[in-house]
Structures are given as C-alpha cells and as structure tokens.
Amino acid sequence: MSISERFPEAIDKGKKREFPINEAYAHLKNFLNQSRISEGTISDVAERYVCGYPVPYFQRPLCWSESQMISFIESAILGIDIGTYTIHEFDFDEKTSLPLRFSDWLIDGQQRLYSLECYFLDKIKVLGFYWSELTKAEQRKFLNISFHQYTASIWDESEIIKLYNKLAFGGTPHKESERA
C-alpha cells in the first residue's frame, strides 16, 4: 500500500497571508463605523460578530478568561507566535450585489480575535494599560505585529464545518455538545 493510499488528501484551509494585526483592527473599525442594520447587508448573516467578522452558527460561545486574553496579547507584544485565524473569502452575488452566503465567516480564531477586540475597545488592560492609554508609536508598533490569516474559499457548508472541526478541536478543549 502506497502513502497516497494511506494518507488522505490535505484539507484546503485556504490561502495563507501574512498580515499585521492592523488588518483585524481595521476590519473592526470599519464594522463599527458602518451602519449594517438595513435588510440585505451582512448583518443578516450572523447573530454575533468578532472584530467585525460574522461568527457562524456552529461556533461555540466565547470561553477564554480575561487572563487568557491578556496572555495572548502579551505574547504578541513579546514576539511569540500567536497562531493564525481563518476566514471565508468575501464575494458578492453578481445579480443582487449582496454578499454571498459564507462571505467573511470567521471559521477559526474567534478567541484570539475577540481578545484583540476587547483590547482595542478598552475592555482589558495589558501590561497595566488600556489600548487608548498607549502612545501612537506604541499602538503603531503593536498594529504592525504579524498575525497570519488563512482565507478559505469553500462554498459547501458541510466542508466548511469539516474544516472548522479539524481546526477547532486542538486548542481549548470543546465540549462534545459544541461540535458543529
């Protein structure tokens, strides 16, 4: 039996891009600055958002403690690899100009992005300071820290759920009842 018969094909988790944390910050700011209440906008997609990304219905609730969020941000400041996050690519229906289903879904990285959101919105202090208390130079330095993003282009919900399950069942343990 050859290795190709014994090893399944790799799951396509999308295109990896090296972005600074500023990508998540800009996405959050854009989301907060836009009125997304009118019918037919991406606000219809999810009941909740993290850094402006719609969180799919199958995602578990937020579970990191404040100390875990602070530790994550301190790790970024100290130059420790902070992992990745995975979103679904954004696309529009050519006929209606509305976003296609799954557009911008946050598939993995909810806890990490929520930690950043809390920091940016002055909900947590890191190293004794709220985000707004940092100098512009300190903010710029933080926003330029690398945070790799995968952008998936999977237009089959069952395949998105399969990817979520593979990515999400390796960090903070999920309960079986939280499996998509």
Side-chain angles (χ1 to χ4, degrees), residues 11-36 41-43 45-56 58-91 99 102-154 160 163-164 166-172 174:
I11 292 176
D12 181 6
K13 58 185 179 282
K15 185 181 286 187
K16 184 177 182 182
R17 296 184 173 109
E18 184 174 340
F19 285 122
I21 288 175
N22 189 49
E23 178 75 12
Y25 181 66
H27 200 271
L28 174 63
K29 281 178 51 178
N30 183 48
F31 179 76
L32 294 174
N33 290 334
Q34 288 186 11
S35 171
R36 295 175 180 241
T41 64
I42 63 170
S43 66
V45 174
E47 292 183 16
R48 61 191 176 94
Y49 292 79
V50 170
C51 269
Y53 293 103
V55 178
F58 52 79
Q59 284 261 16
R60 68 177 170 171
L62 294 164
C63 67
W64 276 11
S65 67
E66 184 174 305
S67 64
Q68 285 174 299
M69 292 190 285
I70 292 167
S71 180
F72 168 76
I73 293 169
E74 287 174 346
S75 294
I77 292 168
L78 295 170
I80 296 170
D81 182 15
I82 56 172
T84 64
Y85 64 104
T86 302
I87 63 167
H88 195 279
E89 87 171 296
F90 192 93
D91 204 356
F102 316 131
S103 284
D104 237 10
W105 270 14
L106 178 58
I107 299 170
D108 185 55
Q110 174 185 202
Q111 310 302 327
R112 291 178 285 261
L113 285 173
Y114 185 69
S115 299
L116 290 172
E117 180 178 314
C118 287
Y119 188 42
F120 295 143
L121 298 178
D122 284 346
K123 293 180 180 179
I124 57 174
K125 282 185 176 184
V126 177
L127 301 174
F129 297 96
Y130 287 112
W131 174 254
S132 64
E133 295 174 330
L134 300 178
T135 66
K136 293 296 177 194
E138 290 167 331
Q139 288 180 353
R140 233 182 346 270
K141 184 175 181 178
F142 183 78
L143 292 173
N144 283 317
I145 294 169
S146 289
F147 191 20
H148 296 178
Q149 175 196 92
Y150 282 94
T151 306
S153 182
I154 305 168
I160 295 170
L163 175 59
Y164 164 77
K166 287 291 185 189
L167 293 171
F169 280 83
T172 299
H174 285 61

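For reference, positions follow the sequence shown, starting with 1.
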Discussion item. A side-chain contact here means heavy atoms from C-beta on lying under 4.5 Å apart; do I160 and F58 qualify?
Written reply: yes
Practice prompt. Flag the pair I154 / W105 as yes when at least one side-chain heavy-atom distance between them is below 4.5 Å, and no otherwise.
Written response: no
Item to complete: Mark yes or no for whether S75, through its side chain, and S71, through its backbone, hold a donor-acceptor pair below 3.5 Å.
Response: yes
Worksheet item: Is there a side-chain contact between K136 and R140 (heavy atoms, below 4.5 Å)?
Response: yes
Fill in: Atom pair CG (L163) and OG1 (T86), whose distance is rounded to the nearest 0.5 Å
6.0 Å
Practice prompt. Let me see the working for L134 and Y119 under side-chain contact (heavy atoms from CB on, under 4.5 Å), right down to the final yes or no.
Written response: CA-CA 11 Å; L134 300 178; Y119 188 42; 3.2 Å; yes
Worksheet item: Within the distance-only criterion (no hydrogens, no angle test), does the side chain of N30 pair as donor or acceptor with the backbone N or O of A26 below 3.5 angstrom?
Response: no
Discussion item. Quick check for you: to the nearest 0.5 Å, what is the distance between L127 atom CG and I73 atom CD1?
Written reply: 9.5 Å
Practice prompt. Determine yes or no for a side-chain-to-main-chain donor-acceptor pair under 3.5 angstrom, with Q111 supplying the side chain and C63 the backbone.
Written response: yes
Practice prompt. Drop me the distance from Q139's CD to N22's CG, to the nearest 0.5 angstrom.
Written response: 10.5 Å
Discussion item. Would the distance check show the side chain of Q68 and the main-chain N or O of S65 forming a donor-acceptor pair, the cut-off being under 3.5 Å?
Written reply: yes
Worksheet entry | Parallel, tilted or perpendicular: ring planes of Y85 versus Y53, cut at 30 and 60 degrees | tilted
Practice prompt. Report the C-alpha distance between Y114 and L106 in whole Å, list the side-chain angles of each, state the deciding distance to 0.1 Å, and finish with yes or no for side-chain contact (heavy atoms from CB on, under 4.5 Å).
Written response: CA-CA 11 Å; Y114 185 69; L106 178 58; over 6 Å; no
Worksheet item: Does a side-chain heavy-atom distance below 4.5 Å link L143 with P20?
Response: no
Worksheet entry | Ring geometry between Y25 and W131 (parallel below 30°, tilted from 30 to 60°, perpendicular above 60°) | tilted
Worksheet item: What are the two closest heavy atoms between V55 and A46, and how far apart are they?
Response: O-CB, 3.6 Å
Discussion item. I'd like to know if the side chain of H88 reaches the main chain of I107, judged simply by a donor and an acceptor atom lying under 3.5 Å from each other, with no hydrogens or angles considered.
Written reply: no
Item to complete: State, with a plain yes or no, whether a side-chain heavy atom of L113 is found less than 4.5 Å away from one of F147.
Response: yes
Worksheet entry | side-chain contact (heavy atoms from CB on, under 4.5 Å) assessment of R48 paired with Q59 | CA-CA 10 Å; R48 61 191 176 94; Q59 284 261 16; 4.0 Å; yes
Worksheet item: Take atom CZ in F19; do more than 12 heavy atoms of anything else shown fall under 6.0 Å from it?
Response: yes
Worksheet entry | Steps toward side-chain contact (heavy atoms from CB on, under 4.5 Å) verdict (L116, L28) | CA-CA 10 Å; L116 290 172; L28 174 63; over 6 Å; no
Discussion item. Main chain of C51, side chain of E117: is a donor-acceptor contact present, judged purely on distance under 3.5 Å?
Written reply: yes
Item to complete: Report yes or no: does S103 contribute a side-chain atom to a donor-acceptor pair with the main-chain N or O of D91 at less than 3.5 Å?
Response: yes
Worksheet item: Can you name the closest pair of heavy atoms from S115 and W64 and give their distance?
Response: OG-CE3, 3.3 Å
Worksheet item: What pair of heavy atoms forms the shortest contact from T151 to Q149, and how long is it?
Response: OG1-OE1, 3.0 Å
Practice prompt. Find the distance between CD1 (I70) and CD1 (I124) and round it off to the nearest 0.5 Å.
Written response: 5.0 Å
Item to complete: Say whether, by atom type as modelled, one donor and one acceptor occur between the side chain of E133 and the main chain of K125 under 3.5 angstrom.
Response: no
Item to complete: Report yes if some heavy atom in the side chain of D104 is under 4.5 Å from a heavy atom in the side chain of Y49; otherwise report no.
Response: no
Worksheet, complete the sentence: Looking only at heavy atoms, the pair that brings R112 and I82 closest together is CD-O, 3.3 Å
